[in-house]
Amino acid sequence: HTFVKGSCPDSMENVEPPLWPGLARFSYVAGLSSLTDISAGCHLILRDLHLMSSADLYEWYEETKFRALSVVPSVGRGIAALDREPMRFVRRVDTYGEALQWSDVTALRQITRPGTPITVNYGSSEAGGIANFEIPADMPVTDGPIPLGVPYGDSRIRLEPIDTEPGSP
């Protein structure tokens, strides 16, 4: 199942209780992250997204006054399809779990206030984040996929071509 979790990174400003929602499967890294959040005194909110519509999620964000939207791009597109007013309290967007397209940036900008930056995160369940790409609010939108961005810390990324020959090792 996919859940919504609240945590409290350093960037929260005068929010009680400290909440930072994210939409992530409880994978190895997400589980460890949740334990770290709880041990730091943060609140963990579990919601099964299979029981929520895009409208339910939008309303919950507005009612709870979350300041960050952390979503897989398909969930962001679902919220944008509602054609509602931008989320009043969201100050930043983080994506993960699916490749982000520039068209997704347009959708995410429709559901957030002007000036909201977007961060694209790439990684795996076992290794956590590998790279990210920052999209400032004034960056023009183009076509196609978003670049991988910059590796985290001292990480190195090696891209290998996909062999499309049947039966190749």
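No hydrogens, no waters, no symmetry mates; every other heavy atom, side chains included, goes into these values. For reference, positions follow the sequence shown, starting with 1.
Across all non-hydrogen atoms, the minimal contact from Pro86 to Gln110 is CG-O, 3.9 Å. Ala80 approaches Ala107 most closely through the heavy-atom pair CB-O, 3.6 Å. Of all heavy-atom pairs spanning Asp94 and Arg92, the tightest one is OD2-NH2, 2.7 Å. Residues Ala99 and Pro73 share a closest heavy-atom pair of O-CG, 4.1 Å.
In this structure, CG in Leu69 is found 4.5 Å from OH in Tyr61, a value given to the nearest 0.5 Å. Within the model, atoms OG1 of Thr95 and CZ of Phe133 stand 11.0 Å from one another, a figure rounded to the nearest 0.5 Å. The distance from the CD1 atom of Ile111 to the CG atom of Leu82 is 8.5 Å, given to the nearest 0.5 Å. Between Leu57 atom CG and Met52 atom CE the span is 5.0 Å, to the nearest 0.5 Å. For the atom pair Thr106 OG1 and Gln101 CD, the distance stands at 11.5 Å (nearest 0.5 Å). Taking CD1 of Ile118 as the reference point, atom OG1 of Thr116 lies at 8.0 Å (rounded to 0.5 Å).
Identified under the side-chain hydrogen bond (donor to acceptor under 3.5 Å, both in side chains) test for residues 77-86, with sequence neighbours left out: Glu59-Arg84, Arg77-Asp104.
Under a 3.5 Å cut-off, the side chain of Glu62 and the backbone N or O of Arg88 do form a donor-acceptor pair.
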Hey, mind stepping through Val120 and Asn132 against side-chain contact (heavy atoms from CB on, under 4.5 Å) and telling me if it holds? CA-CA 5 Å; Val120 184; Asn132 72 357; over 6 Å; no
Quiz: residues 138-150 side-chain donor-acceptor pairs under 3.5 angstrom, not counting sequence neighbours:
residue : atom : partner : partner atom : Å
Thr142  : OG1  : Trp102  : NE1          : 3.2

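The shortest distance between side-chain heavy atoms of Val93 and Thr112 falls below 4.5 Å.
Tested against Phe66 for a ring-ring contact (aromatic ring centres under 6.0 Å, His included), the candidates Phe89, Tyr58, Trp60 yield a single pass: Trp60.
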